[in-house]
Amino acid sequence: MRPRRYKTVVTPRRAAVAIAGCWILSLVVGLTPMFGWNNLREVERAWEANGSTGEPVIKCEFEKVISMEYMVYFNFFVWVLPPLLLMVLIYLEVFYLIRKQLNKKVSASSGDPQKYYGKELKIAKSLALILFLFALSWLPLHILNCITLFCPSCNKPNSLIYIAIFLTHGNSAMNPIVYAFRIQKFRVTFLKIWNDHFRCRARPPSDPELPEDRPDD
């Protein structure tokens with residue numbers, strides 16, 4: 001997509017609507033257990049079966065309160081795995097198209113398209129790296145959830161569970177690091193935020209000759 005075409009399609013209003021939609025959808029999916037898809041009824045039945053009275057005592061463990069059917073069938077099979085596979089296919093197509101453009105024989109007067117697609121390839125590689133880190137961080141925990149659901153008698157080492165949980169939490173810290181190291185505009189913005197709000201010192205004027213990651217036209 002050429003820059004002008006990109007600016008026509010991806011307007012600030014559309015970007016804001018897309019971001020808001022993603023957050024709303026994430027909240028609905030994440031809060032679904034609070035709407036009733038949880039293990040409360042199983043805990044209450046077990047509590048009554050033991051002859052206990054009053055409110056059941058619920059052990060504060062993830063697998064005790066969260067339904068594995070929700071985690072596997074709804075969360076993983078609907079909202080994680082299909083989008084992940086779709087994004088992999090999209091990036092494969094993007095890399096194919098960019099490589100196809102870069103491999104074309106161009107004349108001396110057509111340097112701008114070559115420069116443009118080179119920058120697009122760099123950005124695509126950065127976003128593909130983020131997608132790879134997302135898969136690396138979240139798939140282990142979802143695979144363990146599948147084992148819990150489909151093979152309840154299988155033994156899962158606690159150390160493996162802790163590593164999988166640590167990876168999911170660490171994924172949130174990976175993205176800013178990748179953005180800062182791989183995409184110059186993000187790196188400059190992070191440095192500005194650091195200087196303005198943490199070091200209380202204004203960022204020096206940027207060099208007008210500094211190349212940008214995406215051309216304006």
Side-chain angles (χ1 to χ4, degrees), residues 15-47 56-97 121-183 186 190:
V17 171
I19 293 172
C22 289
W23 274 103
I24 292 173
L25 181 61
S26 300
L27 286 173
V28 171
V29 173
L31 295 178
T32 297
M34 297 184 64
F35 300 148
W37 197 348
N38 51 52
N39 289 334
L40 179 59
R41 292 182 181 178
E42 286 75 7
V43 172
E44 290 175 343
R45 282 197 291 265
W47 182 262
V57 177
I58 302 176
K59 195 172 183 179
C60 189
E61 292 181 357
F62 185 82
E63 294 183 2
K64 296 292 184 181
V65 296
I66 299 296
S67 168
M68 282 297 109
E69 286 82 3
Y70 158 78
M71 288 300 301
V72 174
Y73 293 124
F74 184 69
N75 196 324
F76 183 44
F77 287 167
V78 175
W79 296 109
V80 175
L81 191 58
L84 180 60
L85 296 176
L86 179 62
M87 289 300 297
V88 169
L89 294 177
I90 290 174
Y91 275 114
L92 290 176
E93 180 69 12
V94 168
F95 282 118
Y96 169 76
L97 293 176
L121 179 61
K122 181 180 178 182
I123 294 175
K125 287 181 178 179
S126 301
L127 298 178
L129 176 60
I130 291 173
L131 182 65
F132 170 77
L133 292 175
F134 172 83
L136 184 66
S137 300
W138 283 96
L139 285 181
L141 183 61
H142 284 294
I143 292 173
L144 289 175
N145 289 337
C146 290
I147 294 174
T148 301
L149 178 63
F150 299 124
C151 184
S153 60
C154 294
N155 182 35
K156 297 179 299 181
N158 288 333
S159 58
L160 195 60
I161 297 175
Y162 294 148
I163 292 174
I165 294 174
F166 176 79
L167 285 174
T168 60
H169 287 76
N171 181 244
S172 300
M174 295 178 189
N175 291 351
I177 296 174
V178 174
Y179 282 129
F181 277 95
R182 299 280 303 181
I183 303 178
F186 280 94
F190 288 152

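One N or O on the side chain of N39 and one on the backbone of I66 form a donor-acceptor pair closer than 3.5 Å. With hydrogens and angles disregarded, a donor-acceptor distance shorter than 3.5 Å links the side chain of N38 to the backbone of P33.
Looking at heavy atoms from C-beta onward, M71 lies out of side-chain contact with E63 at the 4.5 angstrom threshold. Residues L167 and P140 are in side-chain contact: their nearest non-hydrogen atoms beyond the backbone lie under 4.5 Å apart. The shortest distance between side-chain heavy atoms of I19 and W23 falls below 4.5 Å. Side-chain contact between W47 and V57 is present, with heavy atoms from C-beta onward closer than 4.5 Å. Looking only at side-chain heavy atoms (C-beta outward), N75 and V80 come within less than 4.5 Å of each other. Looking at L121 and V94, their side chains never come closer than 4.5 Å, going by heavy atoms from C-beta outward.
Distance check, rounded to the nearest 0.5 Å: CH2 of W138 to CG of N171 gives 7.0 Å. Atom CG in L144 sits 11.0 Å away from atom CG in L139 (nearest 0.5 Å). With rounding to the nearest 0.5 angstrom, the CZ atom of F35 is 10.0 Å from the OH atom of Y70. Between the CZ atom in F62 and the CG atom in L141 there is a gap of 7.0 Å [rounded to 0.5 Å]. Rounded to the nearest 0.5 Å, atoms CG (L129) and OH (Y179) are 10.5 Å apart. Taken from CE in M68 to CG in N145, the straight-line distance is 4.5 Å, to the nearest 0.5 Å.
Between R41 and E44 there is no salt bridge, since no side-chain nitrogen of the basic residue lies less than 4.0 Å from a carboxylate oxygen of the acidic one.
Here the closest heavy-atom approach between residue S126 and residue V178 is recorded as O-CG1, 4.1 Å. Nearest approach of V28 to T32, heavy atoms of both residues: O-OG1, 2.7 Å.
Among Y73, W79, F76, the one residue that satisfies the ring-ring contact (aromatic ring centres under 6.0 Å, His included) test with H142 is F76.
Around CZ of F95, the count of heavy atoms belonging to other residues, nucleotides or ligands within 6.0 Å exceeds 12. Crowding of Y162 atom OH: a count of heavy atoms from other residues, nucleotides or ligands under 6.0 Å not exceeding 12. Applying the 6.0 Å contact sphere to CZ of F132 captures no more than 12 heavy atoms from other residues, nucleotides or ligands. Counting heavy-atom neighbours within 6.0 Å of K156 NZ, excluding the residue itself, gives a total above 12.
Within the structure, no pair that satisfies the salt bridge (charged side-chain N to carboxylate O under 4.0 Å, His left out) test touches residues 129-149, not counting sequence neighbours.
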* Can you list the steps and then say if V72 with F77 is a side-chain contact (heavy atoms from CB on, under 4.5 Å)? -> CA-CA 6 Å; V72 174; F77 287 167; 3.7 Å; yes
